[in-house]
Participant: 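Handing you this structure, nothing more for now.
Bear in mind that the values here come from a model prediction, so they are computed numbers and not experimental data.
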Amino acid sequence: MENCKKYERQYFMPPKFEYDWVKKDYVDAPPIWCSVDLRDGNQALIEPMSLDEKLEFFQLLVDVGFKEIEVGFPAASETEYQFMRTLIEKDMIPDDVTVQVLTQAREHIIKRTFEAVQGAPHAVIHVYNSTSVAQREQVFKKDKEQVKQIAIDGAKLLKQLADQTEGNFTFEYSPESFSGTEVDYAVDVCNAVLDVWQPTKDKKVIINIPTTVENAMPHVFAGQVEYVDKNLKYRDGVVLSLHPHNDRGCGVATAEMGILAGADRIEGTLFGNGERTGNVDIVTLALNMFSQGVDPGLDFTDIPKIREIYERLTRMHVYERQPYAGDLVFTAFSGSHQDAIAKGMAWREAEERDHWTVPYLPIDPKDIGRTYDKDVIRINSQSGKGGVSYILKQNFGISVPKEMREEVGYMVKDVSDKAHKELTPDWVYHIFEDHYVNYKGIFSIDECHFKQEDGIIADATISHANGKRVVTAGGNGRLDAVSNAIKQYFGISYELSFYEEHSLTRGSSSKACAYVGVICNGKTCWGVGIDADIIKASIEALTVAVNKIDELKNVNECKDERMVEIMNYIQANYLDVSLDDLAEKFFLSKPYLSKYIKEKSGMTFGDIVKKVRMKKARALLKSSSMTVENIALTVGYQNVEHFNRLFKKAYNITPVQFRNQK
């Protein structure tokens with residue numbers, strides 16, 4: 001930018017720069033906190049707070065735990081004056097709270113200030129005058145000695161009026177516009193004021209160093225504070241205070257480095273309110289300490305409530321990215337961030353860790369009244385599988401299996417992308433529910449009855465094409481038997497590749513959730529079932545998954561009734577059934593029946609019987625301790641070697657290998 005040459009550095013380096021404070025790496029104890037919201041924050045408002053609003057804000061500050069509260073500039077307006085009198089006359093100041101008032105070092109203003117604080121149980125009288133080169137030359141047109149005399153005269157008048165006024169008073173002095181003042185001169189003025197007040201360890205005064213207009217990097221200010229700290233007179237009797245502004249956006253860093261450099265006290269506001277770019281944000285300062293294991297001595301456990309009161313009374317807005325308090329400061333939309341947070345939370349819970357080390361979250365949002373579901377992981381088109389799964393688990397108890405998460409994540413992201421909106425947790429759940437729980441396909445299983453017979457036999461009632469048919473099939477478990485009934489009815493082949501279940505951790509604790517994945521022609525289809533009965537939940541999940549198979553989506557014709565009955569008969573009589581038996585049972589000739597079975601099922605009668613027997617054998621291998629020889633006999637084979645060859649041909653594995661595999 002071409003006009004940069006019109007500017008120059010306006011701060012002054014101290015005569016001696018020692019940098020001892022740099023050896024410290026964190027603030028290990030909280031400073032004395034003084035809120036200036038009711039003066040410095042209030043005077044920066046377009047519409048200053050009314051008396052009632054200031055009273056409510058004062059109570060908020062007390063509740064947060066401030067022991068020193070600057071309540072106003074009594075000589076500035078009638079509201080400011082009446083506020084001070086109301087606090088005193090209505091006995092609204094707690095015994096452990098000190099109020100503070102501000103006054104220029106001008107006689108009539110100081111006198112009006114003492115009228116306002118008369119009878120205060122304990123009040124800080126804060127007097128100031130500007131000491132910077134610019135103020136001396138351009139505003140006051142006075143030299144250094146004349147400006148110092150203003151401070152001395154103000155200090156003397158404070159001492160005189162304090163002796164004449166009922167109340168308990170502490171003095172504070174600020175070399176206002178310190179940031180543009182020669183550091184050694186600022187110390188000279190402060191020491192002149194201290195010579196008037198003669199503080200002791202038992203009767204301290206406050207010297208306050210303001211970055212009135214922040215104009216230097218934080219480490220420069222810390223060096224200036226260090227010089228002040230080491231060169232003030234009566235240091236044991238002085239509370240060294242800082243009043244950082246935020247013109248360079250460095251207010252927090254300035255305050256933290258200033259504390260390391262020797263400051264005992266910080267004046268600031270909630271959320272950084274104040275003139276121009278505001279004062280230092282005490283919420284951020286305090287919670288920075290909190291995040292490193294230091295108790296700040298202020299109660300910010302309900303930040304949302306504090307923020308609501310602040311915004312209502314000041315008519316200011318807390319920015320969405322404001323540290324700790326902003327709407328979005330804990331929020332992760334990014335898929336990789338969401339995944340890391342979700343895994344970090346799960347790890348911490350599983351490991352039962354006491355210390356907080358979750359990725360991307362400097363503190364536990366719950367510690368300051370924030371919530372995981374509303375504040376941490378939120379869903380939009382940038383979100384990932386981890387975030388979507390986290391939302392479903394946290395809010396609805398749905399623990400999406402990791403094998404299924406990618407598909408669910410992409411599906412939800414696609415909805416957000418097309419809607420150009422963030423998705424609420426309820427919206428995310430409804431998407432999940434519509435696609436995996438309530439999905440309607442071409443068939444349903446209305447009821448199912450089981451019996452134990454060489455494994456599990458299922459009589460499944462399949463509702464399809466405006467009809468209901470009972471299909472009988474066996475398997476090595478209930479779900480496998482139902483799956484075989486579906487395969488048998490539709491004449492399709494798929495692999496039941498995935499099954500997982502859990503009880504719901506949110507909502508009705510009596511319900512279970514089941515997840516089923518099936519693979520057909522290389523494509524995985526997923527279904528979810530939720531029911532109080534885990535068997536019903538599993539069957540619902542299987543039904544949804546199979547309904548998504550592409551080959552089934554256009555099967556609208558009714559399955560041949562006679563073929564269903566033939567398959568059921570073979571299933572029930574697989575040990576000794578013959579083509580002659582079937583021909584007699586169904587009043588058909590053997591040649592016609594053989595051709596009919598081949599056309600309808602794609603398999604010969606012998607292949608069907610063999611398939612039923614192999615499934616029975618597989619079920620027995622998994623569910624019983626019978627020898628392979630006995631299983632061969634049980635399913636209809638006298639020769640075990642012949643059985644072994646047929647089993648290996650069907651499954652590419654021997655019966656013993658099948659039994660031993662995990």
Participant: Using the rule given for side chain to side chain contact (heavy atoms under 4.5 Å, CB included), can you reason through Val280 versus Thr254, listing the C-alpha separation, both sets of side-chain angles and the distance that settles it, and then say yes or no?
Facilitator: CA-CA 9 Å; Val280 68; Thr254 293; over 6 Å; no
Participant: Report yes if some heavy atom in the side chain of Thr98 is under 4.5 Å from a heavy atom in the side chain of Phe169; otherwise report no.
Facilitator: no
Participant: Can you confirm whether the side chains of Tyr128 and Asn208 place a donor and an acceptor under 3.5 Å from each other?
Facilitator: no
Participant: Check whether Ser130 reaches the backbone of Ser132 with its side chain - one donor and one acceptor, N or O, closer than 3.5 Å.
Facilitator: no
Participant: One thing to verify: whether Arg312 and Glu308 come together as a salt bridge, which I'm taking to mean a side-chain N less than 4.0 angstrom from a carboxylate O.
Facilitator: yes
Participant: I'd like to know if the side chain of Asn191 reaches the main chain of Asn231, judged simply by a donor and an acceptor atom lying under 3.5 Å from each other, with no hydrogens or angles considered.
Facilitator: yes
Participant: As a quick check of understanding, evaluate side chain to side chain donor-acceptor pair (under 3.5 Å) for Tyr310 and Asp37, giving each step before the final call.
Facilitator: CA-CA 10 Å; Tyr310 166 83; Asp37 291 87; over 6 Å; no
Participant: Counting only N and O atoms by type, is there a donor-acceptor contact under 3.5 Å from the side chain of Gln224 to the main-chain atoms of Phe12?
Facilitator: yes
Participant: Quick check against the 3.5 Å criterion: does Glu226 have a side-chain atom that pairs as donor or acceptor with the backbone of Asp20?
Facilitator: yes
Participant: Say whether Gln100 and Glu267, considering side chains only, have a donor N or O and an acceptor N or O under 3.5 Å apart.
Facilitator: yes
Participant: With rounding to the nearest 0.5 Å, note down the distance linking CD1 in Ile266 to OG in Ser35.
Facilitator: 13.0 Å
Participant: Taking side chain as C-beta onward, heavy atoms only, is Val36 less than 4.5 Å from Asn279?
Facilitator: yes
Participant: The test is salt bridge (charged side-chain N to carboxylate O under 4.0 Å, His left out); show your working for Arg85 and Glu80 and say whether it passes.
Facilitator: CA-CA 9 Å; Arg85 294 312 308 157; Glu80 298 280 276; over 6 Å; no
Participant: Compare every heavy atom of Val62 with every heavy atom of Pro94, then report the nearest pair and how far apart it is.
Facilitator: CG-CG1, 3.8 Å
Participant: Looking only at non-hydrogen atoms, find the nearest pair between Arg39 and Leu102 and report the distance.
Facilitator: CZ-CD2, 3.2 Å
Participant: Within 45° of the axis and under 6.0 Å from the centre of the six-membered ring of Phe271, does NZ or CZ of Arg307 qualify?
Facilitator: no
Participant: Decide, yes or no, whether a salt bridge links Asp163 with Lys159 under the criterion of side-chain N to carboxylate O below 4.0 Å.
Facilitator: no
Participant: Going by atom types only, do Ser50 and Asp52 share a side-chain donor-acceptor pair under 3.5 Å?
Facilitator: no
Participant: Walk me through whether Leu157 and Glu107 qualify under side chain to side chain contact (heavy atoms under 4.5 Å, CB included).
Facilitator: CA-CA 7 Å; Leu157 186 55; Glu107 182 177 356; 3.7 Å; yes
Participant: Checking Ser174 against His126 for the side chain to side chain donor-acceptor pair (under 3.5 Å) test, could you report, in this order, the C-alpha distance in whole Å, the side-chain angles of both residues, the deciding distance, and whether it holds?
Facilitator: CA-CA 8 Å; Ser174 288; His126 181 184; 2.6 Å; yes
Participant: Looking only at the side chains, is there a donor atom on one of Tyr324 and Asn288 sitting less than 3.5 Å from an acceptor on the other?
Facilitator: yes
Participant: Does the cation-pi check pass for Lys144 over Tyr185, that is, NZ or CZ under 6.0 Å from the six-membered ring centre and within 45° of its axis?
Facilitator: yes
Participant: Going by the angle between their ring planes, with limits at 30° and 60°, are Phe221 and Phe178 parallel, tilted or perpendicular?
Facilitator: perpendicular
Participant: Walk me through it: do Val238 and Leu194 pass the test side chain to side chain contact (heavy atoms under 4.5 Å, CB included)?
Facilitator: CA-CA 9 Å; Val238 174; Leu194 292 173; 3.8 Å; yes
Participant: Is there a donor-acceptor pair under 3.5 Å between the side chain of Glu320 and the backbone N or O of Val329?
Facilitator: no
Participant: Find the distance between NE2 (His108) and OG1 (Thr103) and round it off to the nearest 0.5 Å.
Facilitator: 8.5 Å
Participant: Mind checking whether Asp327 and Tyr319 have side chains closer than 4.5 Å, heavy atoms only?
Facilitator: no
Participant: Side-chain contact, heavy-atom cut-off 4.5 Å: Met289 with Glu256?
Facilitator: no
Participant: Testing the 3.5 Å rule here: is there a donor-acceptor pair between the side chains of Asp40 and Gln43?
Facilitator: yes
Participant: Can you tell me how far apart CD1 (Ile69) and CD (Gln59) are? Round to the nearest 0.5 Å.
Facilitator: 9.0 Å
Participant: I'd like to know if the side chain of Thr170 reaches the main chain of Val124, judged simply by a donor and an acceptor atom lying under 3.5 Å from each other, with no hydrogens or angles considered.
Facilitator: no
Participant: Using every non-hydrogen atom in the two residues, find where Ile93 and Pro121 come nearest and quote the distance to one decimal.
Facilitator: CD1-CD, 4.2 Å
Participant: Output the distance between atom CG (Asn42) and atom CD (Glu47), rounded to the nearest 0.5 Å.
Facilitator: 10.5 Å
Participant: Hey, is the main chain of Leu240 close enough, under 3.5 Å, to the side chain of Asp264 for a donor-acceptor pair?
Facilitator: yes
Participant: Any Lys/Arg nitrogen of Asp143 or Arg136 sitting under 4.0 Å from an Asp/Glu carboxylate oxygen of the other?
Facilitator: no
Participant: Dump the intermediate steps for side chain to side chain contact (heavy atoms under 4.5 Å, CB included) on Thr314 and Glu53, then the final yes or no.
Facilitator: CA-CA 9 Å; Thr314 65; Glu53 288 172 333; over 6 Å; no
Participant: Between Glu56 and Leu313, is there a side-chain heavy-atom distance shorter than 4.5 Å?
Facilitator: yes
Participant: Does either side chain, that of Tyr173 or that of Asn129, offer a donor lying less than 3.5 Å from an acceptor on the other one?
Facilitator: yes
Participant: Between Val64 and Phe300, is any pair of side-chain heavy atoms under 4.5 Å apart?
Facilitator: yes
Participant: Quick one: does any side-chain atom of Arg9 pair with a main-chain N or O of Ala216 as donor and acceptor, under 3.5 Å?
Facilitator: no
Participant: Please, which pairs that meet side chain to side chain donor-acceptor pair (under 3.5 Å) have at least one residue in residues 22-32, sequence neighbours excluded?
Facilitator: none
Participant: If you draw a 6.0 Å radius around CD in Glu349, do more than 12 non-hydrogen atoms from other residues or ligands fall strictly inside?
Facilitator: no
Participant: For residues Asp247 and Val213, report the shortest heavy-atom separation together with the two atoms involved.
Facilitator: OD1-CA, 3.4 Å
Participant: How about Phe17 and Tyr227: are their ring centres within less than 6.0 Å of each other?
Facilitator: no
Participant: Just by distance, do the side chain of Lys148 and the backbone of Val193 share a donor-acceptor pair under 3.5 Å?
Facilitator: no
Participant: At their closest point, which heavy atom of Leu51 faces which heavy atom of Thr79, and how far apart are they?
Facilitator: N-CG2, 4.1 Å
Participant: Please answer whether the main-chain N or O of Ile391 pairs with a side-chain N or O of Asn395 as donor and acceptor at a distance below 3.5 Å.
Facilitator: yes
Participant: With no hydrogens and no angle check, just 3.5 Å: does a side-chain donor-acceptor pair link Thr200 and Asp202?
Facilitator: no
Participant: Taking atom CD as the centre, does Gln10 end up with more than 12 heavy-atom neighbours from other residues, nucleotides or ligands that are less than 6.0 angstrom away?
Facilitator: no
Participant: Quick one: do His245 and Thr211 satisfy side chain to side chain donor-acceptor pair (under 3.5 Å)? Show the steps, please.
Facilitator: CA-CA 6 Å; His245 278 249; Thr211 58; over 6 Å; no
Participant: So, for Lys142 and Ile150, which heavy atoms are closest and what is the spacing to 0.1 Å?
Facilitator: CD-CD1, 3.9 Å
Participant: With a 4.5 Å heavy-atom cut-off, do Val196 and Ile152 have their side chains touching?
Facilitator: yes
Participant: Return the orientation label for the Trp197 and Phe171 ring planes: parallel under 30°, perpendicular over 60°, tilted otherwise.
Facilitator: tilted
Participant: Kindly assign one of parallel, tilted or perpendicular to the pair Trp21 and Tyr19, based on the angle between their ring planes and the thresholds 30° and 60°.
Facilitator: tilted
Participant: Is there a side-chain contact between Trp33 and Leu285, using heavy atoms and a 4.5 Å cut-off?
Facilitator: yes
